[in-house]
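Below you'll find the structure, written out as structure tokens, and then a few comments.
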There are 2 protein chains.
Amino acid sequence: MTRWLSADEQAVWRAFLGANKLVFEQLDRELQRDAKIPHAYYEILVRLSEAPERALRMSALADRSQSSRSRLSHAVARLEDQGWVKRESCAEDKRGQIARLTDEGFAALEAAAPLHVESVRRHVFDPLTAEQQRQLKAISTALLAALHDDPDGPART
Amino acid sequence: MTRWLSADEQAVWRAFLGANKLVFEQLDRELQRDAKIPHAYYEILVRLSEAPERALRMSALADRSQSSRSRLSHAVARLEDQGWVKRESCAEDKRGQIARLTDEGFAALEAAAPLHVESVRRHVFDPLTAEQQRQLKAISTALLAALHDDPDGPART
DNA sequence: CTCGGGATGTTGAGGGTTCAACATCCACAG
DNA sequence: CTGTGGATGTTGAACCCTCAACATCCCGAG
């Protein structure tokens, strides 16, 4: 009954698995070394910096940074201790909380960004041809679309 | 000085980032649900099951399962508590430890494998064309090769 | 108006990973 | 032989994430 993987498929899967694990571990390690934060936190700072007023509702921030609400709560608490983010209560919705990037947070992001971009270039873009970069985008988009249609899709709770 | 990402590159990068995070989180979640173990532990069991005698030196197992020695130590300790792996001291090298898959561990792997393969098919292979699968392998291989050449390469300590 | 279901965000426990420090042991130069 | 540098594994602390439970609040049906 089980649709086992063929030898070719195994090879694809193991290459994909290995590359992903190692690439993202490497990026995370360099970011931790250069900016003292994990990649998930960097992502949060980026999304905040792109928002108007550098502020977002927690739930909107969770969606844009592909983070669970729980993870975001913990992360923002830590970033707040660090002085990089401030939490404010929301006027229109008493349940809401608004996360706002502080000047210190923005400065930290500006310091970290060049180093991180260099990491991404070295480990992702430089090794690939322009054609492969296009293929990678198409593949990623297809995977995301499939996941989105899945009945048991990505939990957003 | 910084080689910032172009708009196109940004799009590639964010798609890749998002797809990866969500796909692997989904696979991990389903494996946790179906087999009660994280994917890293599943990987360890697989590598052990493929080895002669279903046993491997810790360091060889660490390499094959793309795991740091520290992580492997913790993981094997936990798998040993669970009765799925046994540790034996190595005859030729008194520093060495050999991890051996128990019958219970093999049975657990046999039970988990079909469900996990189905996950992988649904979330990775089914959404991609045969052509894209070939491309994905080439891309992954290129990323791995670049990482391997890197002076600051994947830490294996 | 009000009540119940859904949404928002937080919390704490449990578990996994990383990092640095460490103990032990091999191997080889001298 | 004998040091000594490198390898092998382990450990504990710190940190991050997940999951389930929870408190709070919005909103629409009746």
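Computed from a prediction, not measured in an experiment: that's the story for all the values here. Just so we're on the same page: letters track the sequence lines, and every chain starts at 1.
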Per Met58(B) side chain, nearest of listed nucleotides dA7(D), dT8(C), dG9(D): dG9(D)
With sequence neighbours excluded, residues passing ring pair (Phe, Tyr, Trp, His ring centres under 6.0 Å) with His39(B): His116(B)
Test item: Arg121(A) side-chain N/O and Trp4(B) main-chain N/O as donor-acceptor pair under 3.5 Å: yes
Expected output: side-chain Lys36(B) to main-chain Arg33(B) donor-acceptor under 3.5 Å: yes
Length of the line joining Gln66(B):CD and dT17(C):P, which is rounded to integer Å: 14 Å
Separation between CG of Leu22(B) and CG of Leu143(A), rounded to the nearest 0.5 Å: 10.5 Å
Using the 3.5 Å cut-off, write out each protein N or O paired with an N or O of nucleotides 14-16 of chain C and the distance between them.
from: dG16(C); atom 1: OP2; to: Arg78(B); atom 2: NE; distance (Å): 2.7

Nearest-angstrom distance from the residue atom CG of Asp28(A) to P of dC16(D): 10 Å
Gap between atoms CG and P, on Asp63(A) and dA7(C) respectively (whole Å): 13 Å
For atom CZ of Arg69(B) and atom C1' of dG12(D), their distance in whole Å: 20 Å
Protein-nucleotide distance (Asp81(A), atom CG; dT11(C), atom P), rounded to Å: 11 Å
Any donor-acceptor pair under 3.5 Å from Ser49(B) side chain to Val46(B) backbone: yes
For atom CD of Glu92(A) and atom C1' of dC25(D), their distance in whole Å: 14 Å
First encountered from the 5' end of DNA chain C, between Gly96(A) and His74(A): Gly96(A)
Backbone of Arg64(B) reached by a side-chain donor or acceptor of Arg47(B) within 3.5 Å: yes
Interatomic distance, Glu43(A) CD vs dC16(D) P [rounded to whole Å]: 16 Å
Rounded interatomic separation in angstrom, taking CG from Leu72(B) and P from dT17(C): 10 Å
Residue-phosphate contact under 4.0 Å: Ser68(B) side-chain N/O, dT18(C) OP1/OP2: yes
Contact list for residues 72-82 of chain A, test salt bridge (Lys or Arg N to Asp or Glu O under 4.0 Å), sequence neighbours left out: Glu80(A)-Arg87(A)
Which nucleotide in dT18(C), dA7(D), dC25(D) has an atom nearest any side-chain atom of Arg95(B): dA7(D)
Out of dT24(C), dT10(D), dT10(C), whichever nucleotide has its closest atom nearest the side chain of Gln97(B): dT10(D)
Sugar-phosphate, base or nothing in reach of Ser59(A), heavy atoms under 4.0 Å: sugar-phosphate
Nearest-neighbour nucleotide for the Arg57(B) side chain, dG9(D), dG9(C), dA7(D) considered: dG9(D)
N/O donor-acceptor pair, side chain Ser70(B) with base dT17(C), under 3.5 angstrom: no
